[in-house]
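Report on one structure; see the data block that follows.
When a residue number appears, it is its place in the shown sequence, counting from 1. Here the structure is a predicted model, which means the values were calculated and not measured. Just follow the structure's listing: the first ligand is 1, and inside any ligand the first atom is 1.
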Amino acid sequence: MNKNNKTVLVTGGSRGIGKAISKTFAKDGYNVLINFNKSENEAKELYTVLNEKGFSVKLFKANISNREEVENMIDYCIKEFGGLDVLINNAGISQDKLFTDITDEDWDNMMNINLKGSFYCSQTALKYMISEKKGNIINISSIWGISGASCEVHYSISKAGIIGMTKALAKEVAPSNIRVNSIAPGVIDTDMLAEYNEDEIDVLVEETPLMRLGTPEDIANCAIFLASDKSSFITGQVISPNGGFVI
Ligand code: NAP
């Protein structure tokens with residue numbers, strides 16, 4: 001641990017976009033608390049790789065839809081690293097389903113993880129950040145939260161909610177010197193695309209003017225910018241690295 005370094009907490013930080021964010025921030029000199037829930041093996045593997053390179057990283061298992069687990073995670077972060085400068089609400093789930101087939105359980109699961117999880121993490125982190133009079137929150141939304149996705153209505157609602165939370169919270173906490181922004185990725189090559197077959201992926205690539213899938217690093221590069229002083233006048237904004245898919 002380097003107490004002079006800034007500290008970031010990345011939810012869902014062991015896989016996909018979260019993994020790229022964890023690696024990018026570790027390389028940039030941050031202390032990184034990598035949250036995982038189910039992917040213990042991936043988390044341990046990532047920890048080993050980053051730790052062997054001499055980076056300052058720790059792991060914490062927590063289900064972000066459980067308030068007590070989130071509070072324990074943020075307590076641990078502050079105790080182990082001496083603070084919390086940047087929270088990245090990245091963890092999320094998706095589900096491909098006709099609107100008329102969505103069950104109460106599907107709906108609750110989607111909202112509990114994608115929306116309530118970000119609420120718990122942000123609220124708990126802010127209790128600390130407000131007292132410090134500094135902080136930075138980055139919420140991972142989606143292009144579908146902007147433009148809506150057929151057969152992913154509950155997912156789209158949760159991601160639109162993230163954008164609403166970003167804008168409202170940015171106004172509320174700006175006087176405490178805390179910035180809140182959102183990244184709304186386009187189609188990014190992670191396990192989340194497993195639901196799509198090859199033809200569907202080809203269509204998504206064709207619909208992307210830059211003619212490729214995004215990489216997790218495309219999103220991590222945006223996150224490191226939003227966490228840095230180079231974006232110090234940016235708050236309440238939605239930045240959408242999407243290859244031109246939604247303009
Ligand atoms: P992914 O590879 O499926 O990873 C999802 C991550 O979320 C995993 O690390 C997972 O951790 C974590 N997670 C899920 N439920 C959790 C819970 N209850 N508590 C803690 N962590 C939980 O997906 P991804 O593509 O990297 O997605 C990351 C974020 O980007 C999501 O918010 C997603 O909606 C958003 N996004 C993705 C795309 C895309 O095309 N891939 C596009 C737009 C937005 P465990 O495995 O440990 O449970």
Side-chain angles (χ1 to χ4, degrees), residues 9-24 32-47 59-74 87-96 108-122 124 138-149 152 154-163 165-166 182-196 200-201 203-205 207-208 212-220 222-223 238-243 245-246:
L9 164 57
V10 187
T11 67
S14 78
R15 293 200 291 120
I17 292 171
K19 180 179 181 179
I21 293 175
S22 298
K23 284 164 76 175
T24 300
V32 184
L33 184 60
I34 299 169
N35 156 253
F36 66 96
N37 185 33
K38 295 183 180 154
S39 301
E40 186 161 2
N41 290 341
E42 285 88 342
K44 283 183 173 161
E45 244 170 64
L46 180 60
Y47 172 83
L59 301 178
F60 198 95
K61 174 173 164 42
N63 176 352
I64 57 155
S65 63
N66 180 307
R67 181 184 274 283
E68 199 183 338
E69 292 182 30
V70 167
E71 287 174 351
N72 290 339
M73 173 168 69
I74 288 176
L87 165 67
I88 304 193
N89 285 312
N90 164 75
I93 56 166
S94 63
Q95 189 183 36
D96 207 10
D108 289 345
N109 205 26
M110 187 66 69
M111 299 308 158
N112 285 343
I113 295 174
N114 289 8
L115 216 39
K116 211 184 220 181
S118 297
F119 161 57
Y120 286 156
C121 291
S122 302
T124 312
I138 298 168
N139 298 317
I140 307 298
S141 175
S142 164
I143 48 168
W144 306 133
I146 300 171
S147 69
E152 292 189 70
H154 53 341
Y155 178 75
S156 302
I157 292 169
S158 74
K159 292 299 178 176
I162 287 291
I163 291 174
M165 184 173 88
T166 299
S182 180
I183 301 176
V187 188
I188 310 299
D189 194 5
T190 70
D191 294 344
M192 203 168 259
L193 300 193
E195 284 187 275
Y196 298 112
E200 288 167 328
I201 298 279
V203 170
L204 288 168
V205 170
E207 284 178 12
T208 304
R212 69 167 174 90
L213 296 179
T215 64
E217 290 71 27
D218 288 324
I219 308 309
C222 189
V238 182
I239 298 185
S240 186
N242 65 40
F245 198 115
V246 171

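Within the model, atoms CG of Leu9 and CG of Leu87 stand 5.5 Å from one another, a figure rounded to the nearest 0.5 Å. The structure places CE of Met73 at 12.0 Å from CG of Leu59, a figure rounded to the nearest 0.5 Å. Atom NZ of residue Lys19 and atom CD of residue Glu45 lie 7.0 Å apart, to the nearest 0.5 angstrom. Residue Glu217 holds its CD atom at 6.5 Å from OG1 of Thr24, rounded to the nearest 0.5 Å. Interatomic distance, Asn90 CG to Ser22 OG, rounded to the nearest 0.5 Å: 8.0 Å. Distance check, rounded to the nearest 0.5 Å: CG of Asn89 to CD1 of Ile140 gives 8.5 Å.
Every N/O-N/O distance between Ser142 and ligand 1 stays at or above 3.5 Å. Of the polar atoms of Ile64, at least one N or O is found under 3.5 Å from an N or O of ligand 1, judged by distance alone. Considering backbone and side-chain N/O of Ser65, none are found under 3.5 Å from N/O of ligand 1. Remark: ligand 1 and Gly92 share an N or O pair separated by less than 3.5 Å (distance only, no angle test). Where the criterion is an N or O separation shorter than 3.5 Å, residue side chain and backbone included, Ile17 meets it with respect to ligand 1. At a 3.5 angstrom cut-off on N or O pairs, Ser14 does not count as close to ligand 1. Geometrically, ligand 1 and Ile188 share a nitrogen or oxygen pair separated by less than 3.5 Å.
A salt bridge links Arg212 to Asp218: one of the charged nitrogens lies within less than 4.0 Å of a carboxylate oxygen.
Short contacts between ligand 1 and Asn35, defined as distances under 4.0 Å to a heavy atom of the residue, involve ligand atoms 20 (C), 21 (N). Residue Gly16 has at least one heavy-atom neighbour below 4.0 Å for each of these atoms of ligand 1: 2 (O), 26 (O). Each of the atoms 31 (C), 32 (O), 33 (C), 34 (O) of ligand 1 lies under 4.0 Å from some heavy atom of Lys159. Less than 4.0 angstrom separates some heavy atom of Val187 from each of these atoms of ligand 1: 40 (O). Taking a cut-off of under 4.0 Å to the non-hydrogen atoms of Phe36, the atoms of ligand 1 that pass are 47 (O). Shown in contact with Lys38 at under 4.0 Å from a heavy atom are these atoms of ligand 1, numbered in order with element: 45 (P), 47 (O), 48 (O). Annotation for ligand 1: atoms under 4.0 Å from non-hydrogen atoms of Gly12 are 9 (O), 12 (C).
At the shortest separation from atom 2 (O) of ligand 1 among protein heavy atoms lies Arg15 NH1, 3.5 Å. Of all protein heavy atoms, the one lying nearest to atom 18 (N) of ligand 1 is Asn63 OD1, 2.8 Å. Shortest contact from atom 15 (N) of ligand 1 to any protein heavy atom: Ile113 CG2, 3.7 Å. When only non-hydrogen protein atoms are considered, atom 44 (C) of ligand 1 lies nearest to Ser141 O, 3.1 Å. The protein heavy-atom contact nearest to atom 46 (O) of ligand 1 is Ser39 OG, 2.5 Å. Nearest protein heavy-atom neighbour of atom 27 (O) of ligand 1: Met192 CE, 3.8 Å.
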Margin query: Evaluate Ile163 against Ile146 for side-chain contact (heavy atoms from CB on, under 4.5 Å), listing each step before the verdict.
Written below: CA-CA 8 Å; Ile163 291 174; Ile146 300 171; 3.7 Å; yes
Next item on the list: Go through the steps for Thr166 and Asn139 under the test side-chain hydrogen bond (donor to acceptor under 3.5 Å, both in side chains), then give the verdict.
Entry: CA-CA 7 Å; Thr166 299; Asn139 298 317; 3.0 Å; yes
Next item on the list: Dump the intermediate steps for side-chain contact (heavy atoms from CB on, under 4.5 Å) on Leu115 and Ile162, then the final yes or no.
Entry: CA-CA 7 Å; Leu115 216 39; Ile162 287 291; 4.0 Å; yes
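Shown here for Phe245 and Leu204, the closest heavy-atom pair between the two residues is CE1-O, 3.8 Å. Taking every heavy atom of both residues into account, Ile188 and Thr215 meet most closely at CG2-C, 3.5 Å.
Residues Met111 and Ile157 are in side-chain contact: their nearest non-hydrogen atoms beyond the backbone lie under 4.5 Å apart. With contacts defined as side-chain heavy-atom distances shorter than 4.5 Å, the pair Glu195/Ser94 qualifies.
The backbone N or O of Tyr155 lies less than 3.5 Å from a partner atom in the side chain of Ser158, making a donor-acceptor pair. Although no hydrogens or angles enter the test, the distance criterion places a donor-acceptor pair under 3.5 Å between the side chain of Ser141 and the main chain of Lys159.
At a 4.0 Å heavy-atom cut-off, ligand 1 touches Thr190 through the side chain alone. At a heavy-atom cutoff of 4.0 Å, ligand 1 is contacted by no atom of Asn114, backbone or side chain. Looking at Tyr155 against ligand 1, only its side chain comes within 4.0 Å, counting heavy atoms.
The closest non-hydrogen atom to atom 13 (N) of ligand 1, taken over Gly186, Ala91, Gly13, comes from Ala91. Atom 31 (C) of ligand 1 has its nearest heavy-atom neighbour, among Asn242, Leu213, Ile140, Asn90, in Asn90. Here the shortest heavy-atom distance to atom 20 (C) of ligand 1, taken over Ala62, Pro216, Gly117, belongs to Ala62.
Close to ligand 1: Leu193, with a non-hydrogen atom less than 4.0 angstrom away.
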